[in-house]
There are 2 protein chains.
Amino acid sequence: MDELDSAIVRHLQEDARQSNRDIARKVGIAPSTCLERTRLLRERGVIRGYHADIDLPSLNRGVQAIVSAQVRPLSRVVIDAFQRSLGELPEVMSVFVTAGSDDFLIHVSVRDIDHLHAFLADRLAVRKEVVGFRSSIIFRHIHRTVLEPLPDNGKSPGPR
Amino acid sequence: MDELDSAIVRHLQEDARQSNRDIARKVGIAPSTCLERTRLLRERGVIRGYHADIDLPSLNRGVQAIVSAQVRPLSRVVIDAFQRSLGELPEVMSVFVTAGSDDFLIHVSVRDIDHLHAFLADRLAVRKEVVGFRSSIIFRHIHRTVLEPLPDNGKSPGPR
DNA sequence: GGGCGGTCCCGAACGAAGTTCGGCGCAGCG
DNA sequence: CGCTGCGCCGAACTTCGTTCGGGACCGCCC
């Protein structure tokens, strides 16, 4: 994972469908070398996949929310079962299992507010392991598509 | 946005780097047709981009957290400025601007717990518009890569 | 009913890209 | 000084992206 690999990864985060030749030219190596590097990054699990980013309103998902939920008992079987059942609901885009005052943060997208209400009432509130939940409508969601590697020797950044 | 477009979108969500010919074969149309459809989806903004999904530990980002923050006054200029400044911090992966008891939910990834502490103390707590924040360590994060379009005529799914 | 325009899809042709592989240069080491 | 291993390169071959002309289907209007 040297500087060259980082550059390749950066370009693939920006646009995963640009040609291998373009990336090779941008980072200053031969296409065959670039292809081999990319293959190794994939093989090592550094690159986990390539995915299209889709406009949510176009999928009838114009309303987003974060739902925080508490479940009891907080045992492994309950957590795993709850997580798995969330994964089967089409409205659920992403699930965070967290420490702190909430056990789950669920990122959902639905057609409209009515469907959000229906999701909460029919899918969440009915489960007996769910002892409480709270939802926050999302006004905006900014997602950074290209993540740089953080320095690994460095002390914490510190003030200023 | 017919059934064919949905199928193309689905395949591009699964693997954005598979060849146009493969997608065409899977959905049962000619490559040239598939290419034109894909081009239109891109042009219409349905497909917003293609991005590589990178393993966070490989980027020295083994620790993730969700930080909820309240800012005051809750005016547009304060919100916009805070959001913009968050976007410049390398640890920040994603920002949700929400209604509810929290104004912002910030998804961060850092090297370790020390760096999380440093981020909170040096980047967040120092800002005077931030009147409170709370962070939750993330144990697991499940992300659904392929989202289906939700039915648009449908009433809310309802119980059972 | 027949002609007409529009829309969508297909297949061929051409240039460009992915993929493989043999060889070269270089650094490290004995 | 030579040997070895590793990584990079460039050429050859296959596959793919891209364009474009033509044909099928459908609704519309005369």
Side-chain angles (χ1 to χ4, degrees), chain A residues 1-61 145-153, chain B residues 1-61 145-153:
Chain A
M1 194 67 192
D2 56 6
E3 198 49 52
L4 235 48
D5 285 333
S6 295
I8 293 172
V9 164
R10 189 176 333 118
H11 287 293
L12 283 174
Q13 287 184 88
E14 271 172 10
D15 180 6
R17 258 186 104 82
Q18 65 186 309
S19 73
N20 177 65
R21 287 181 126 85
D22 281 349
I23 299 173
R25 188 169 33 77
K26 287 174 188 169
V27 308
I29 57 177
S32 54
T33 306
C34 188
L35 192 71
E36 175 66 4
R37 290 256 191 176
T38 306
R39 198 185 60 76
L40 287 175
L41 285 167
R42 187 78 221 253
E43 202 168 288
R44 271 185 273 148
V46 176
I47 298 174
R48 311 205 310 167
Y50 308 97
H51 306 290
D53 176 19
I54 306 298
D55 178 60
L56 291 178
S58 301
L59 296 179
N60 265 299
R61 294 167 174 270
T145 55
V146 32
L147 298 173
E148 294 287 337
L150 296 179
D152 55 7
N153 59 337
Chain B
M1 196 66 192
D2 56 7
E3 198 49 52
L4 235 49
D5 285 332
S6 295
I8 293 173
V9 164
R10 190 178 331 119
H11 284 108
L12 283 173
Q13 287 184 90
E14 270 172 10
D15 180 5
R17 258 186 103 81
Q18 65 186 311
S19 74
N20 177 65
R21 287 180 125 85
D22 281 349
I23 299 174
R25 188 169 33 78
K26 286 175 188 169
V27 308
I29 57 178
S32 53
T33 306
C34 188
L35 193 71
E36 175 67 4
R37 290 255 189 176
T38 306
R39 199 185 60 76
L40 287 175
L41 286 168
R42 186 79 220 252
E43 203 168 288
R44 271 186 272 149
V46 176
I47 298 175
R48 310 205 311 168
Y50 307 98
H51 306 290
D53 176 20
I54 306 298
D55 178 61
L56 289 178
S58 301
L59 297 180
N60 265 299
R61 294 167 173 270
T145 54
V146 33
L147 298 173
E148 294 286 337
L150 296 179
D152 55 6
N153 58 337

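Basis for what follows: all heavy atoms, side chains included, without hydrogens, waters or symmetry-related copies.
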ask   = Can you tell me how far C1' of D:dG17 sits from CG of B:Leu12, to the nearest Å?
value = 14 Å
ask   = Is A:Leu4 close to A:Ile29 at the side-chain level, that is, under 4.5 Å between some pair of heavy atoms?
value = yes
request  = Could you tell me whether B:Ser32 contacts a base, only the sugar-phosphate backbone, or nothing, with contacts defined as non-hydrogen atoms closer than 4.0 Å?
outcome  = base
query = Starting at the 5' end of DNA chain D, which residue's closest nucleotide do you reach first, A:Arg21 or A:Gly28?
reply = A:Gly28
ask   = Rounded to whole angstroms, how far apart are CG on B:Asp5 and C1' on C:dT7?
value = 14 Å
key: Integer-rounded Å distance: D:dC16 P and A:Asp22 CG   = 19 Å
query = Does a nitrogen or oxygen in the side chain of A:Arg37 sit under 4.0 Å from OP1 or OP2 of D:dC8?
reply = yes
task = Let me know the distance between CD of A:Gln18 and C1' of C:dA16, rounded to the nearest Å.
result = 16 Å
query = Of the nucleotides D:dC8, C:dC10, C:dG18, which has the atom closest to the A:Leu4 side chain?
reply = D:dC8
Euclidean distance, atom CZ of residue A:Arg39 to atom P of C:dA17 [Å, nearest integer] = 22 Å
request  = In whole angstrom, give the distance that lies between atom CG of A:Leu35 and atom P of C:dA17.
outcome  = 14 Å
query = Taking CD from B:Glu36 and P from D:dT19, how many angstroms apart are they, rounded to a whole number?
reply = 9 Å
request  = Say whether, by atom type as modelled, one donor and one acceptor occur between the side chain of B:Arg61 and the main chain of A:Glu148 under 3.5 angstrom.
outcome  = yes
request  = Please examine the side chains of A:Leu59 and B:Leu150, heavy atoms only from C-beta on, and report whether any two atoms are closer than 4.5 Å.
outcome  = no
5'-most by nearest nucleotide on DNA chain C - B:Asp2 or B:Arg17 = B:Asp2
inquiry  = So A:Asp5 and A:Arg44, do their side chains get closer than 4.5 Å, heavy atoms only?
reply    = yes
key: Nearest-angstrom distance from the residue atom CD of A:Glu3 to P of D:dG7   = 17 Å
request  = Please examine the side chains of B:Tyr50 and A:Asp53, heavy atoms only from C-beta on, and report whether any two atoms are closer than 4.5 Å.
outcome  = no
ask   = Does B:Thr33 put a side-chain nitrogen or oxygen below 4.0 Å from OP1 or OP2 of C:dC10?
value = yes
